[in-house]
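FYI, side chains are in, hydrogens and waters are out, and symmetry mates aren't considered; it's all heavy atoms of this structure.
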Amino acid sequence: MCCIICGENVELGKALGRLEKNGIYIHGAMKNGFQSLYGYTSDESGIRHGGTEDKEVSEEDAKFMLITCSAFVNYLKVKFNKMKENSNG
């Protein structure tokens with residue numbers, strides 16, 4: 001969703017900084033929270049880049065990240081659609 005809003009293929013860490021330039025304001029505390037979650041997923045024992053060896057990710061961690069990311073995408077979709085509606089008059 002960030003790539004759609006920003007109009008480029010960019011990782012989440014960079015996209016969070018570019019959203020406002022593309023008309024999507026996210027409160028600084030929320031932005032920092034998502035940057036921290038992104039850092040967690042990239043960590044050695046994180047969900048997204050768990051290293052080269054298979055790592056056990058708990059079901060509760062995986063479910064939390066799935067639901068959180070889904071909620072963030074839906075949040076961005078609503079903000080993006082509102083922004084487009086407002087810019088069209």
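Under the salt bridge (charged side-chain N to carboxylate O under 4.0 Å, His left out) criterion, Glu11 pairs with no residue at all, not counting sequence neighbours. The ring-ring contact (aromatic ring centres under 6.0 Å, His included) search around Phe80 returns none, not counting sequence neighbours. Glu8 meets the side-chain hydrogen bond (donor to acceptor under 3.5 Å, both in side chains) test with Arg18; sequence neighbours excluded. Every residue two or more places apart in sequence or in another chain that forms a side chain to side chain contact (heavy atoms under 4.5 Å, CB included) with Phe64 is listed here: Leu37, Thr68.
Atoms CG and CG, on Asn86 and Asn81 in that order, are 11.0 Å from each other to the nearest 0.5 Å. Rounding to the nearest 0.5 Å gives a distance of 7.5 Å between NZ of Lys31 and OH of Tyr25. To the nearest 0.5 Å, atom CD1 of residue Ile5 and atom CE of residue Met1 are 4.0 Å apart. Expressed to the nearest 0.5 Å, how far CD1 of Ile4 lies from CG of Asn22 amounts to 12.5 Å. Once rounded to the nearest 0.5 Å, the distance linking CZ of Phe34 with CG of Leu76 reads 7.5 Å. We find the SG-NZ distance between Cys6 and Lys21 to be 9.5 Å, quoted to the nearest 0.5 Å.
Val10 has its side chain out of reach of Cys2: every pair of non-hydrogen atoms, C-beta onward, lies at least 4.5 Å apart.
Hydrophobic cluster membership differs between Tyr40 and Leu66, with clusters built from Ile, Leu, Val, Met, Phe, Trp and Tyr side chains linked at under 4.5 angstrom.
Annotation for Glu60: atom CD counts as buried by contact number, over 12 foreign heavy atoms lying within 6.0 Å.
Taking the six-membered ring for Trp and thresholds of 30 and 60 degrees, Phe72 and Tyr75 have nearly parallel ring planes, at less than 30 degrees apart.
Between the side chain of Ser36 and the backbone N or O of Asn32, at least one donor-acceptor pair lies under 3.5 Å.
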